[in-house]
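Atoms considered below: every heavy atom in the structure, side chains included; atoms not considered: hydrogens, waters and symmetry mates. This is a predicted model, so every value here is computed, not measured.
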Amino acid sequence: MSDNYQLLLTVFFSLMFFTVQRTETQYRRRVLVLFALFPGVLIFVYMSYLTLLSAFWNALLIAFILNLFFWIVIGRYNPVRSSEEIQVLGMDD
């Protein structure tokens with residue numbers, strides 16, 4: 001039972017870490033609070049209610065390691081650009 005929760009939480013936390021990691025620097029704090037900390041606290045309370053905190057901490061650790069690996073392989077060499085630097089191909093503006 002806890003394996004299902006752990007897999008679901010790992011996917012959720014990986015997406016949350018990825019969202020924070022690939023956000024512009026000036027908006028990173030807002031995204032961290034809105035998309036990572038607030039849902040993370042709610043999930044922590046729910047998992048403590050279900051007495052599955054070990055699945056919560058394992059999923060958080062696995063998601064952190066996966067996103068760290070992604071940052072080492074891809075993210076470090078392709079940093080997030082600001083909105084002003086992004087150019088859309090095919091736009092004549």
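By the rule that hydrophobic residues join a cluster once side-chain heavy atoms approach within less than 4.5 Å of another member, I62 and V11 end up as members of separate clusters. Tracing side-chain contacts under 4.5 Å through hydrophobic residues (I, L, V, M, F, W, Y), one never reaches F70 starting from V31; they form parts of separate clusters. Placement of F38 and F44 in two distinct hydrophobic clusters is found when ILVMFWY residues are connected by side-chain heavy-atom separations under 4.5 Å, directly or transitively. Note on V80 and M16: separate hydrophobic clusters, where clusters join Ile, Leu, Val, Met, Phe, Trp and Tyr whose side-chain heavy atoms are under 4.5 Å apart, directly or indirectly. L61 and W57 sit in two unconnected hydrophobic clusters of ILVMFWY residues. Membership requires side-chain heavy atoms under 4.5 Å apart, directly or through other members.
Put simply, the residue from L68, L60, L32 that forms a side chain to side chain contact (heavy atoms under 4.5 Å, CB included) with F17 is L60.
Of all non-hydrogen atoms in R28 and T23, the two that sit nearest each other are NH2-O, 2.7 Å. Residues N67 and Q21 come closest through the heavy atom pair OD1-OE1, 3.6 Å. Nearest heavy-atom pair across S14 and L66 is OG-CD1, 4.1 Å. Across L9 and M47, no two heavy atoms sit closer than the pair CD1-CE, 3.6 Å.
Note that CG of L34 and OG1 of T19 are 12.0 Å apart. Values are rounded to the nearest 0.5 Å. From I43, atom CD1 reaches atom CG of L52 across 13.0 Å, with rounding to the nearest 0.5 Å.
Crowding of R30 atom CZ: a count of heavy atoms from other residues, nucleotides or ligands under 6.0 Å not exceeding 12.
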Practice prompt. Evaluate side chain to side chain contact (heavy atoms under 4.5 Å, CB included) for F18 paired with W71, printing each intermediate quantity in order.
Written response: CA-CA 9 Å; F18 181 75; W71 179 77; over 6 Å; no
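Ring-centre distance between F56 and F13: below the 6.0 Å cut-off.
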